[in-house]
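Here's the structure we're looking at; comments come further down.
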Amino acid sequence: MIIDQLTRSIQLKICYFGPALSGKTTSLKSLFKHFGKEDKVLSIESSIRRTLFFDYGTIQFQNQQWLLKLHIYSTTGQDFYIITRPITLSAVDGIIFVADSQNYAYYRNLTSWNELCNYFEENFDKIPKILAFNKQDLDDKFDASVFLENINYSMYKNIAFKKTNALNGEGILDCFEEILSLILKNLYKGQIGSFLSKD
């Protein structure tokens with residue numbers, strides 16, 4: 001997070017994280033499509049269009065006083081490139097965890113969630129996060145409440161969950177608005193509040 005009072009700008013970093021093929025890239029691209037910026041997403045992909053390092057794009061909002069610039073990434077889900085994930089997550093302000101809701105992917109989601117927790121350890125509670133249960137259009141899916149119970153969802157702070165279908169954009173904007181709300185709520189409590197109070 002960067003707050004520049006001179007240029008009246010705030011820069012935030014949001015990352016989509018989750019297991020391979022859960023729909024991280026599709027979710028990010030669906031979000032950008034909503035804002036008419038689908039051609040502004042940069043991807044480092046393999047020959048079979050799998051994310052090698054990350055996908056990246058920026059979205060900006062401007063009011064009369066401040067410019068909000070969002071740097072949005074998705075991490076690779078391929079374990080061969082696992083070393084790139086903590087690099088992409090560096091200095092993140094909010095995380096959207098994209099879970100694959102298909103039954104066969106249940107434990108893969110748990111492994112990915114535990115990996116994410118381990119990256120931040122005791123600081124994980126401080127980071128705003130959304131669990132997005134993706135692929136809700138499919139029939140063979142697990143019960144989200146069982147997954148939430150398994151990870152002890154109620155013990156976490158700065159967290160919410162949503163259900164999405166990235167292919168048609170269902171729930172994608174809702175996730176984005178919720179993570180942004182959590183981030184800004186945290187920032188307003190902290191240093192940004194002192195800046196805005198001077199206006």
Side-chain angles (χ1 to χ4, degrees), residues 1-2 11-28 31 43-46 50-57 70-135 141-164 166 171-172 175-176 178-187 189-190:
M1 179 263 296
I2 300 172
Q11 298 189 55
L12 301 174
K13 180 178 180 180
I14 297 171
C15 281
Y16 287 87
F17 189 93
L21 300 174
S22 63
K24 299 179 296 297
T25 296
T26 306
S27 296
L28 185 150
L31 176 66
S43 299
I44 302 176
E45 299 176 330
S46 68
R50 295 283 301 280
T51 302
L52 291 179
F53 194 56
F54 58 75
D55 306 296
Y56 168 73
L70 305 172
H71 301 272
I72 305 176
Y73 294 78
S74 72
T75 60
T76 178
Q78 298 183 73
D79 288 339
F80 186 78
Y81 302 102
I82 190 172
I83 194 172
T84 69
R85 292 179 197 151
I87 298 171
T88 307
L89 286 167
S90 176
V92 71
D93 295 297
I95 298 168
I96 298 176
F97 181 89
V98 182
D100 185 338
S101 295
Q102 296 177 97
N103 272 316
Y104 78 85
Y106 184 87
Y107 290 103
R108 201 166 66 201
N109 292 316
L110 280 179
T111 299
S112 184
W113 175 260
N114 289 332
E115 177 191 337
L116 180 62
C117 294
N118 289 335
Y119 285 140
F120 297 97
E121 297 179 340
E122 68 274 5
N123 293 317
F124 193 49
D125 253 358
K126 300 176 183 177
I127 300 171
K129 45 207 165 284
I130 303 292
L131 277 89
F133 292 97
N134 194 32
K135 304 186 181 181
K141 55 183 182 288
F142 59 79
D143 185 343
S145 64
V146 174
F147 185 87
L148 294 174
E149 184 177 356
N150 208 330
I151 65 168
N152 294 316
Y153 174 84
S154 60
M155 66 174 263
Y156 291 102
K157 299 175 183 177
N158 296 313
I159 194 169
F161 72 91
K162 304 288 181 180
K163 294 183 178 181
T164 64
I172 297 300
C175 278
F176 174 69
E178 184 72 20
I179 193 66
L180 197 53
S181 175
L182 288 174
I183 293 171
L184 293 177
K185 189 181 298 181
N186 269 10
L187 292 182
K189 289 180 190 174

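These values consider heavy atoms only, across backbone and side chains, with no hydrogens, waters or symmetry-generated copies. Keep in mind that this is a model prediction, so the values were computed, not measured.
A distance of 7.0 Å separates SG of C117 from CD1 of I151, quoted to the nearest 0.5 Å. Here K185 contributes atom NZ and L180 contributes atom CG; the two are 11.5 Å apart, rounded to the nearest 0.5 Å. In this structure, the separation between CG on N152 and OG on S154 is 6.5 Å, given to the nearest 0.5 Å. The distance from the OG atom of S90 to the CD1 atom of I87 is 8.5 Å, given to the nearest 0.5 Å. Taking CG from L70 and CD1 from I14, the interatomic distance works out to 5.0 Å, rounded to the nearest 0.5 Å. Interatomic distance, I159 CD1 to E178 CD, rounded to the nearest 0.5 Å: 11.0 Å.
When every heavy atom of A20 is checked against every heavy atom of R108, the shortest pair comes out as O-NH2, 3.3 Å. Nearest heavy atoms, P128 versus D93: CD-O, 3.2 Å. Between G23 and A166, the shortest heavy-atom contact is O-CB, 4.3 Å. Nearest approach of K24 to P19, heavy atoms of both residues: NZ-O, 2.7 Å. Nearest approach of K135 to S22, heavy atoms of both residues: CE-O, 3.7 Å. Closest heavy-atom contact between Y106 and N150: OH-ND2, 3.0 Å.
When only modelled atom types and interatomic distance are considered, T25 and D55 share a side-chain donor-acceptor pair under 3.5 Å.
Formation of a donor-acceptor pair under 3.5 Å by the N134 side chain with backbone atoms of V98 is not found in this model. Side-chain N or O atoms of N109 include one that pairs as donor or acceptor with a backbone N or O of D100 at under 3.5 Å.
Geometrically, K13 engages Y73 in a cation-pi contact defined by less than 6.0 Å to the ring centre and at most 45° from the axis. Cation-pi geometry between K129 and F124 is satisfied (NZ or CZ under 6.0 Å from the ring centre, within 45° of the ring normal).
For the pair I72 and Y56, the minimum side-chain heavy-atom distance is 4.5 Å or more. In this structure, the side chains of L184 and L12 come closer than 4.5 Å at one or more pairs of heavy atoms. Residues E115 and R85 form a side-chain contact, since some pair of their non-hydrogen atoms from C-beta on lies under 4.5 Å apart. At a threshold of 4.5 Å between non-hydrogen side-chain atoms, the residues T75 and Y16 do not count as touching. The closest side-chain heavy-atom distance from S27 to I96 is not below 4.5 Å. The closest side-chain heavy-atom distance from L148 to L131 is below 4.5 Å. The closest side-chain heavy-atom distance from N158 to N186 is below 4.5 Å.
Few gaps surround NZ on K141; more than 12 heavy atoms of other groups in view lie less than 6.0 Å from it. With a 6.0 Å radius and a threshold of 12 heavy atoms from other residues, nucleotides or ligands, Y107 has its OH atom at or below the threshold.
Separation of the F133 and W113 ring centroids does not fall under the 6.0 Å cut-off. Between F161 and F97, the ring center distance fails the sub-6.0 Å criterion.
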Practice item. Applying side chain to side chain contact (heavy atoms under 4.5 Å, CB included), run through Q11 and M1 and close with a yes or a no. Key: CA-CA 6 Å; Q11 298 189 55; M1 179 263 296; over 6 Å; no
**Study point:** Chi angles and distances behind the side chain to side chain contact (heavy atoms under 4.5 Å, CB included) call for F120, V92
**Key:** CA-CA 11 Å; F120 297 97; V92 71; 3.8 Å; yes
Review point. Is there a side chain to side chain contact (heavy atoms under 4.5 Å, CB included) between I130 and I95 once you walk through the steps?
Key: CA-CA 6 Å; I130 303 292; I95 298 168; over 6 Å; no
